[in-house]
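As structure tokens, the structure follows; a few thoughts come after it.
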Amino acid sequence: MTDIVARLLSACNAMRNKGADFPTIWKDILKGHPYVAGSPIQDSGEDGPMLRIPLITGQVLVFLGSNFFLL
């Protein structure tokens, strides 16, 4: 399972690094992925606004505008 989540994170960051915006990454990678457990949730933190995408593993994929990371 960890490998799949790591590949998902890598794919999202690779697409973002190529200039894709969040709606495109959501549509092309995340929306149909079997490990994504729900829709993005808007939130904010120390670094500003973010989107949290829940995963079936209990982890959360977080988008901060410039990159994705896992919580």
Side-chain angles (χ1 to χ4, degrees):
M1 240 188 321
T2 305
D3 289 342
I4 294 170
V5 173
R7 285 195 307 263
L8 178 62
L9 175 62
S10 179
C12 289
N13 278 320
M15 196 165 178
R16 180 67 186 121
N17 289 338
K18 291 179 183 173
D21 60 5
F22 182 82
T24 301
I25 296 168
W26 172 256
K27 181 179 68 72
D28 291 352
I29 296 176
L30 295 169
K31 188 174 182 180
H33 197 281
Y35 273 48
V36 173
S39 297
I41 301 162
Q42 291 183 344
D43 200 357
S44 63
E46 291 178 12
D47 297 323
M50 66 178 78
L51 292 170
R52 295 176 176 260
I53 301 100
L55 303 177
I56 64 168
T57 61
Q59 295 169 294
V60 177
L61 189 62
V62 178
F63 178 65
L64 278 175
S66 61
N67 68 326
F68 289 83
F69 66 92
L70 287 172
L71 285 181

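Scope of the values below: all heavy atoms of this structure, side chains included, with no hydrogens, waters or symmetry mates.
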Common cluster, Leu64/Leu71, ILVMFWY with side-chain heavy-atom separation under 4.5 Å | yes

Starting at CE of Met15, measure out to OG of Ser10 and round the result to the nearest 0.5 Å.
-> 13.0 Å

Do you know which two heavy atoms are closest between Leu61 and Cys12, and how far apart they sit?
-> CD2-SG, 4.2 Å

Distance (rounded to the nearest 0.5 Å) between Arg16 CZ and Thr24 OG1 = 10.0 Å

Linking I/L/V/M/F/W/Y whenever their side-chain heavy atoms sit closer than 4.5 Å, directly or via other members, would Trp26 and Ile4 fall into one cluster?
-> yes

Set of ring-ring contact (aromatic ring centres under 6.0 Å, His included) partners for Phe63, sequence neighbours left out | Phe22, Phe68

Does Val60 belong to the same Ile/Leu/Val/Met/Phe/Trp/Tyr cluster as Leu55, with side-chain heavy atoms less than 4.5 Å apart forming each link?
-> no

Do Ile41 and Leu70 share a hydrophobic cluster (ILVMFWY, side-chain heavy atoms under 4.5 Å, transitive)?
-> no

Partners of Asp28 by side chain to side chain donor-acceptor pair (under 3.5 Å), sequence neighbours excluded?
-> none

Exercise: identify the closest heavy-atom pair between Ser39 and Pro54 = O-CD, 3.7 Å

Full working for side-chain contact (heavy atoms from CB on, under 4.5 Å) between Leu8 and Leu30 = CA-CA 8 Å; Leu8 178 62; Leu30 295 169; 3.8 Å; yes

Treating Ile, Leu, Val, Met, Phe, Trp and Tyr as nodes and any side-chain heavy-atom pair under 4.5 angstrom as an edge, say whether Ile25 and Leu9 lie in one connected cluster.
-> yes

What's the verdict on side-chain contact (heavy atoms from CB on, under 4.5 Å) for Leu51 and Val62, showing C-alpha distance, side-chain angles and the deciding distance?
-> CA-CA 6 Å; Leu51 292 170; Val62 178; over 6 Å; no

For Arg7, which residues count as a side chain to side chain donor-acceptor pair (under 3.5 Å) partner, sequence neighbours excluded?
-> none

